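Right, one structure below, let's go through it.
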Amino acid sequence: DAKTTQPPSMDCAEGRAANLPCNHSTISGNEYVYWYRQIHSQGPQYIIHGLKNNETNEMASLIITEDRKSSTLILPHATLRDTAVYYCIVRVGGGGGTSYGKLTFGQGTILTVHP
Amino acid sequence: NAGVTQTPKFRILKIGQSMTLQCTQDMNHNYMYWYRQDPGMGLKLIYYSVGAGITDKGEVPNGYNVSRSTTEDFPLRLELAAPSQTSVYFCASIAGGRPQETQYFGPGTRLLVL
């Protein structure tokens with residue numbers, strides 16, 4: 001799986017948009033970009049994923065550059081409860097096989113949302 | 001559905017003791033995973049299973065063993081506990097078979113080896 005690079009920490013004011021960047025310059029054509037977050041040592045929580053098109057769900061938006069070498073997770077209206085470690089992970093999609101689903105976690109970005 | 005459950009939530013072991021961390025999922029998922037997370041670090045894969053009776057090593061398997069006799073259960077065994085195994089352990093599962101799926105994680109087991 002391709003490696004990812006994220007800033008170690010970011011701050012955001014409550015109510016503002018939080019934009020978390022991720023570089024994955026060695027991504028392959030069949031690899032998806034996944035975002036997870038981990039709140040205070042709980043189990044990681046899935047946020048969103050995408051292949052090459054921008055994606056949006058009830059939690060966040062994912063913007064992937066045209067060359068797919070980087071992406072940005074956007075939390076449109078950050079709240080104090082969004083304070084967490086955010087992980088950007090690149091992995092092969094596919095429907096099965098022995099390597100299916102394995103996630104390689106980096107150290108992520110610690111997002112702190114301030115009142 | 002309860003999702004992925006793990007027991008115990010917290011345990012203190014003495015060096016050399018053994019224990020089994022339990023993981024159960026009620027979603028009929030084929031794939032299951034064990035990760036460990038050391039303080040300030042990301043998760044590292046210990047072992048995984050693609051179905052009942054099939055297991056394989058991940059990135060950091062030394063000192064651990066697993067078994068998968070049923071679809072629901074995927075216990076992790078520590079035979080001779082060492083201080084280096086002090087960590088938080090997470091179990092996860094995914095159904096498998098579709099191009100894109102998300103992993104479901106359990107709440108974790110905190111292990112302290114003294």
Side-chain angles (χ1 to χ4, degrees), chain A residues 1 3-9 22 28-53 55 57-60 62 64 73 84-110, chain B residues 2-6 9-10 21 23 25 27 29-51 53-61 68 74 87-111:
Chain A
D1 293 346
K3 294 190 183 299
T4 62
T5 303
Q6 299 177 251
S9 64
C22 179
S28 300
N30 62 346
E31 290 182 313
Y32 288 75
V33 180
Y34 284 77
W35 283 85
Y36 283 77
R37 74 180 182 183
Q38 190 174 25
I39 297 173
H40 193 51
S41 296
Q42 297 177 15
Q45 176 190 23
Y46 165 80
I47 301 172
I48 198 168
H49 73 281
L51 182 62
K52 52 184 176 182
N53 297 322
E55 302 287 345
N57 63 20
E58 64 279 4
M59 290 182 67
L62 175 60
I64 302 174
L73 177 74
V85 180
Y86 287 77
Y87 296 101
C88 169
I89 298 170
V90 174
R91 76 159 177 90
V92 175
T98 56
S99 64
Y100 182 74
K102 289 192 293 183
L103 299 176
T104 301
F105 287 81
Q107 292 188 258
T109 296
I110 301 172
Chain B
V4 179
T5 57
Q6 294 182 237
K9 291 184 180 179
F10 176 68
L21 283 68
C23 175
Q25 52 89 11
M27 299 172 282
H29 284 175
N30 291 316
Y31 293 73
M32 296 186 74
Y33 309 83
W34 273 107
Y35 295 87
R36 62 175 285 175
Q37 185 175 32
D38 297 333
M41 305 297 289
L43 283 70
K44 293 184 178 179
L45 183 65
I46 306 171
Y47 270 96
Y48 66 100
S49 169
V50 302
I54 306 171
T55 63
D56 207 347
K57 297 178 181 179
E59 183 183 1
V60 289
R68 185 96 182 272
F74 189 39
S87 191
V88 181
Y89 292 83
F90 292 102
C91 180
S93 73
I94 192 170
R98 292 181 293 153
Q100 314 166 46
E101 290 183 274
T102 62
Q103 282 197 12
Y104 294 85
F105 283 82
T109 293
R110 280 176 169 71
L111 177 65

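All values derive from a computational prediction rather than experimental measurement. Sequence lines set the chain letters: A, B, ... in the order given, protein chains first and strands last, and positions in each chain run from 1.
Contacts of B:Tyr35 with chain A are made by side-chain atoms alone, with heavy-atom separations under 4.5 Å and no backbone atom involved. With a threshold of 4.5 angstrom between heavy atoms, B:Leu43 approaches chain A through its backbone and through its side chain. In this structure, chain B has no heavy atom under 4.5 Å from any part of A:Gln45. Heavy atoms closer than 4.5 Å to chain A are found nowhere in B:Gln6, neither backbone nor side chain.
Between the A:Gln6 side chain and the A:Cys88 main chain, a donor and an acceptor come within less than 3.5 Å of each other. Here the side chain of A:Thr109 pairs no donor or acceptor atom with the backbone of A:Ser9 at under 3.5 angstrom. Panel note: side chain B:Ser49, backbone B:Met32; no donor-acceptor pair is recorded below 3.5 Å. With hydrogens and angles ignored, the 3.5 Å screen pairs no side-chain donor or acceptor of B:Tyr104 with any backbone N or O of B:Gln25.
With chain B as the partner, the residue from A:Gly43, A:Gly108, A:Gly106 showing the most heavy-atom pairs under 4.5 Å is A:Gly43.
Looking at residues two or more places apart in sequence or on another chain, you find a side-chain contact (heavy atoms from CB on, under 4.5 Å) between A:Leu51 and A:Tyr32, A:Arg68.
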